[in-house]
Each structure stands twice: as structure tokens, then as C-alpha cells.
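Notes follow the structure.
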Amino acid sequence: MSATHTPRIFSGIQPSGGLTLGNYLGALKRFAEYQGGAAETIYCVVDLHAITVWQDPEALRAQTREAAAAFMAAGVDPVQSVLFNQSQVPAHAEMAWLFNTVARVGWMYRMTQFKDKAGKNSENASLGLLAYPALMAADILTYHATAVPVGEDQKQHLELTRDIAAKFNHDYGVDFFPMTNPLIEGVATRVMSLRDGSKKMSKSDPSDASRINLTDDADTIAQKIRKARTDADPLPGSMEGLQDRPEARNLVNIYAALSGETGDQVLARFEGQGFGAFKPALAEVAVSVLSPITAKMTELKSDPAEIDRILGDGAERAEAIARPIVERTKEIMGMIRSRR
Ligand code: AMP
Ligand code: TRP
């Protein structure tokens with residue numbers, strides 16, 4: 001027998017530096033698209049995740065507000081959706097501790113994001129960086145979320161979330177946590193670096209030329225696209241012809257995601273042309289989509305008190321959903337709940 005759970009979407013983004021075009025196409029844009037559907041939408045700036053690597057406190061505050069502004073500029077409506085920062089809802093940290101006792105150490109060492117971020121000197125990584133996926137499972141399961149929109153890089157963490165839910169349900173003989181579905185959809189689930197088609201576009205890449213930031217102005221965007229690494233061949237008539245050309249494939253995918261077309265539709269127009277023609281066209285679409293978002297972010301950031309108010313309101317709404325689920329989890333695990 002399986003409990004039916006109300007459809008609920010949850011996702012989060014770390015405020016660990018400026019957001020990129022990858023975050024926008026792989027996550028933010030899609031967050032807005034899920035609003036107003038059958039599922040309730042809950043979106044979170046995950047500040048507790050960000051501190052698994054060192055963050056300057058003043059910078060963290062600014063980045064948290066900037067991430068919240070990016071959500072809203074990309075179309076997330078804080079009335080239609082619940083929008084908040086993670087640390088204002090204690091349920092996340094409480095649930096993470098409970099899940100630390102369910103998850104196994106071996107599961108954590110297998111996570112590729114841990115291996116990437118910890119690097120060679122993993123003994124020196126914070127304990128939080130290792131435990132990070134248990135906190136992510138807590139984020140999701142403390143709302144009984146049924147679906148989580150993310151980019152491709154988060155797939156492994158979502159599988160682990162299901163493992164934690166299944167082990168909890170099994171160990172305590174309940175059918176309490178749902179098996180959350182990953183929503184990894186569209187042509188831009190993995191936007192690659194502009195300098196290296198084998199690496200994902202990331203806010204932590206040391207080269208700023210490797211990414212388009214949501215704060216870049218039109219000239220900077222055009223310049224980065226002009227300098228993006230490509231090859232000397234003309235464009236083929238369909239995506240099949242780009243299988244062994246990762247940089248070219250990436251640029252066509254970015255174009256398609258921005259214009260709302262498929263890669264094949266884009267290539268049908270550019271077949272036989274070189275990057276001398278394609279790059280300016282790409283820059284034009286990129287600027288036309290991103291400029292209004294950048295402008296909106298700047299406007300929102302000019303009123304930090306209003307952003308804080310929105311996050312606080314969202315946290316109260318989030319708390320109302322999360323609190324009963326954490327309490328019930330503790331009860332299932334055998335903890336006395338007698339406080340009035
Ligand atoms: P992060 O910046 O790591 O907190 O990621 C926030 C969200 O953006 C997650 O859903 C990621 O999967 C997504 N994301 C980050 N980088 C990319 C990228 N290069 N392409 C597609 N999605 C991405
Ligand atoms: N781990 C995600 C990332 O690095 C961010 C995140 C934290 C998240 N908690 C989440 C995403 C819950 C989806 C659901 O991108």
C-alpha cells in the first residue's frame with residue numbers, strides 16, 4: 001500500500017556567488033514555468049548549503065538577497081510560490097540531523113559533487129560538505145515534495161534522497177516519505193563552459209570568460225560569446241551532426257533554450273553557416289532574454305529590506321508545511337513530544 005501525496009514541487013539554489021546562464025536555463029526559468037500548475041511550488045535559497053565551504057558573512061548576506069532577486073526576476077512570484085531562505089526554517093537542520101542517522105557514510109563518499117569540491121585534500125573538507133546530501137534530502141522531504149526540478153548535475157543527489165526515504169520507511173515500518181521524482185527536462189539541463197565543452201558552466205570556475213553571469217551587461221555577454229571556443233567547421237543541418245563537437249553543440253543548445261526552439265529547428269536556419277554568422281545571432285537572443293532579467297534584478301536589489309520581508313514571509317509559510325512533518329518524523333523515531 002502506498003500513501004498518496006499531494007503534488008508539491010521543491011527546489012533550491014545556493015547563494016555561493018553570482019548566478020549564471022546555466023542556473024537560469026537549467027533551474028530558474030523552469031521554476032517559473034511550474035507555477036500555477038497542479039503542484040504547489042516551494043523555492044529556497046539554500047544558505048545552509050552554501051556554508052559547507054567558507055563564505056564571508058557580509059558577502060553571504062548580499063549573495064542571498066541577489067539569489068532571491070534572481071528567482072523573482074526570472075518570474076518566480078513570491079505570492080504564487082513560497083520563496084524563502086533555508087536557515088529561517090529550522091525544520092531543515094532538524095530533519096538533516098535525523099537523516100544523518102539514516103544515511104550511510106559510504107553513500108556520502110560516493111557523491112561526485114563531494115569528490116569534486118573536496119578535491120585531493122578531502123580530509124580537510126568540512127564535515128558539512130560530506131553530509132550535504134542528507135541536508136538536501138531534508139530540504140525536499142520535510143515538505144513531502146513529490147517532484148524536484150534541477151539540472152543534470154543534481155541527479156545523483158536526488159537518487160540519494162530516494163534511498164534515504166526508502167531506508168527510513170523500511171527501517172521504521174512506515175510509508176511516510178514519498179519517492180521524489182527528479183524533473184530534469186529541456187535542452188539545457190547541462191549548460192557547458194564557454195571555454196571547455198567538457199566542463200559544466202559554473203559560478204565557481206576561476207575563468208569569468210567561461211560563463212555568462214546574470215549580472216553581465218550586453219557588451220560583456222556579446223564579447224564572451226564572440227570569444228567562446230568553437231571549431232572551424234560550418235554548422236550541420238541537425239543535432240546529430242554535432243555529436244563529436246561539444247563546444248558547437250553547447251552553443252546551439254543555449255540558443256535553442258533561449259529562443260524556445262529545439263536544436264534541430266535552430267540548425268535548420270543556420271545549416272552551412274559558420275560561427276562568424278552564428279555567434280552574433282546567439283549574442284542577440286542572449287541579450288534580449290537576459291537584459292530584462294538583469295534590469296529587474298538591479299531594481300529589486302535596490303530595496304534589500306523588501307527582499308528580506310519577502311523571504312521572511314515565505315519562511316513562515318514554509319514553516320507551516322514543514323513543522324508537522326518534522327514533528328511526525330520524530331514521533332515515528334521514538335522521541336517524546338510533550339512540550340506545550
Ligand atoms: P547551484 O548553483 O549548484 O546551487 O545549482 C542550482 C541549480 O542550477 C541546480 O538545479 C543545478 O542543477 C542548476 N545548474 C547549475 N549549473 C548548471 C548548468 N551549467 N547547466 C544546467 N543547470 C545548472
Ligand atoms: N544541491 C543543489 C545544488 O548544488 C542545491 C539544493 C540544495 C537543492 N537543496 C536542494 C536543489 C533541494 C533541489 C532540491 O545545486
Side-chain angles (χ1 to χ4, degrees), residues 8-31 34 41-53 55 63-64 66-67 70-71 74 76 84-87 89 91-93 95-96 99 108 111-114 116-117 128-129 131-162 164-165 180-205 210-214 246 250 253-254 257-258 318 322:
R8 194 175 276 149
I9 285 174
F10 181 96
S11 197
I13 291 192
Q14 296 191 54
S16 47
L19 299 181
T20 70
L21 178 66
N23 294 126
Y24 174 68
L25 293 175
L28 290 168
K29 177 176 192 272
R30 296 169 47 225
F31 295 172
Y34 291 115
T41 43
I42 307 176
Y43 298 125
C44 185
V45 182
V46 290
D47 47 9
L48 296 174
H49 276 92
I51 58 167
T52 56
V53 298
Q55 302 292 333
Q63 288 160 195
T64 300
E66 179 163 293
F71 273 88
V76 170
F84 68 106
N85 61 313
Q86 188 184 26
S87 62
V89 180
H92 294 248
M95 198 67 127
F99 286 166
M108 303 292 148
M111 295 293 112
T112 53
Q113 185 170 305
F114 173 72
D116 288 350
K117 284 201 176 180
L129 190 66
Y132 175 117
L135 176 59
M136 178 159 162
D139 299 338
I140 294 165
L141 294 173
T142 200
Y143 298 92
H144 276 184
T146 52
V148 177
V150 280
E152 178 70 37
D153 61 323
Q154 294 303 312
K155 195 170 170 200
Q156 198 184 30
H157 288 156
L158 289 181
E159 280 159 9
L160 192 131
T161 298
R162 292 165 67 102
I164 290 178
T180 306
N181 291 312
L183 296 176
I184 303 172
E185 296 167 332
V187 286
T189 56
R190 191 169 171 82
V191 176
M192 308 309 281
S193 157
L194 299 179
R195 309 299 308 167
D196 177 350
S198 68
K199 284 199 323 203
K200 77 162 184 171
M201 183 182 285
S202 162
K203 53 193 160 201
S204 57
D205 194 302
S210 72
R211 63 178 160 264
I212 293 173
N213 304 301
L214 292 187
N250 185 43
N253 276 334
I254 291 175
L258 287 166

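Order of appearance sets the numbers: ligands from 1, and atoms from 1 within every ligand.
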[X]: numbered ligand 2 atoms lying under 4.0 Å from its heavy atoms:
{"X": "Ile140", "value": "12 (C), 14 (C)"}
{"X": "Val148", "value": "13 (C), 14 (C)"}
{"X": "Phe10", "value": "12 (C), 14 (C)"}

Without hydrogens or angle criteria, can the side chains of Gln63 and Gln14 be said to hold a donor-acceptor pair below 3.5 Å?
-> no
Cut-off 3.5 Å, side chains only: do Gln113 and Asp153 have a donor facing an acceptor?
-> no
Are Tyr143 and His92 near enough that their ring centres are under 6.0 Å apart?
-> yes
Would you confirm whether the ring centroid of Phe31 sits within less than 6.0 angstrom of the ring centroid of Phe71?
-> yes
List ligand 1 atoms under 4.0 Å from [X], heavy atoms only on the residue side.
{"X": "Gln154", "answer": "12 (O)"}
{"X": "Gly151", "answer": "10 (O), 11 (C), 12 (O), 22 (N)"}
{"X": "Lys203", "answer": "1 (P), 2 (O), 4 (O)"}
{"X": "Ala27", "answer": "7 (C), 8 (O), 10 (O)"}
{"X": "Arg190", "answer": "20 (N), 21 (C)"}
{"X": "Ala188", "answer": "21 (C)"}
{"X": "Gly26", "answer": "21 (C), 22 (N)"}
{"X": "Gln14", "answer": "4 (O)"}

Could you see which bit of Asp153 sits under 4.0 Å from ligand 2, with heavy atoms only: side chain, backbone, both or neither?
->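 No part of Asp153 comes within reach of ligand 2.
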Donor-acceptor under 3.5 Å (Thr180 side chain, Ala145 main chain) | yes
So, does Thr146 use its side chain to make a donor-acceptor pair with the main chain of Arg8 at under 3.5 Å?
-> yes
Take Leu129 and Val53, measure what side-chain contact (heavy atoms from CB on, under 4.5 Å) needs, and give me the verdict at the end.
-> CA-CA 7 Å; Leu129 190 66; Val53 298; 4.3 Å; yes
Tell me, which protein residue and heavy-atom name are nearest [atom], and how many Å apart are they?
{"atom": "atom 7 (C) of ligand 2", "value": "His49 CE1, 3.5 Å"}
{"atom": "atom 1 (N) of ligand 2", "value": "Tyr132 OH, 2.7 Å"}
{"atom": "atom 20 (N) of ligand 1", "value": "Val191 N, 2.8 Å"}
{"atom": "atom 2 (C) of ligand 2", "value": "Gln154 OE1, 3.3 Å"}
{"atom": "atom 11 (C) of ligand 1", "value": "Asp153 OD1, 3.4 Å"}
{"atom": "atom 22 (N) of ligand 1", "value": "Gly22 O, 3.3 Å"}
{"atom": "atom 5 (C) of ligand 2", "value": "Gly12 O, 3.6 Å"}

Note: heavy atom closest to atom 21 (C) of ligand 1, options Ile254, Thr189, Val46, belongs to Thr189
Between the candidates Asn23, Ile13, Leu158, Asn250, which shows the shortest non-hydrogen contact distance to atom 5 (O) of ligand 1?
->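 Nearest heavy atom to atom 5 (O) of ligand 1 lies in Asn23.
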How far apart are the closest heavy atoms of [X] and [Y], and which atoms are they?
{"X": "Leu214", "Y": "Tyr24", "value": "CD2-CB, 3.9 Å"}
{"X": "Leu48", "Y": "Ser87", "value": "CD2-CB, 3.9 Å"}
{"X": "Ile164", "Y": "Ala134", "value": "CD1-CA, 4.2 Å"}

Mind checking the CE-CG spacing from Met111 to Leu160? Nearest 0.5 Å is all I need.
->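 Reported value, rounded in 0.5 Å steps: 4.5 Å.
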What is the distance from atom CD1 of Ile13 to atom CG of Asn23, rounded to the nearest 0.5 Å?
->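 That separation rounds to 5.0 Å.
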Is the shortest heavy-atom distance from the side chain of Gln154 to the side chain of Val148 under 4.5 Å?
-> no
Any N/O of Met201 closer than 3.5 Å to an N/O of ligand 1?
->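 By distance alone, the answer is yes.
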Quick one: does Asp139 get an N or O within less than 3.5 Å of an N or O on ligand 2?
-> yes
Test side-chain contact (heavy atoms from CB on, under 4.5 Å) applied to Asp196 and Met192, step by step = CA-CA 7 Å; Asp196 177 350; Met192 308 309 281; over 6 Å; no
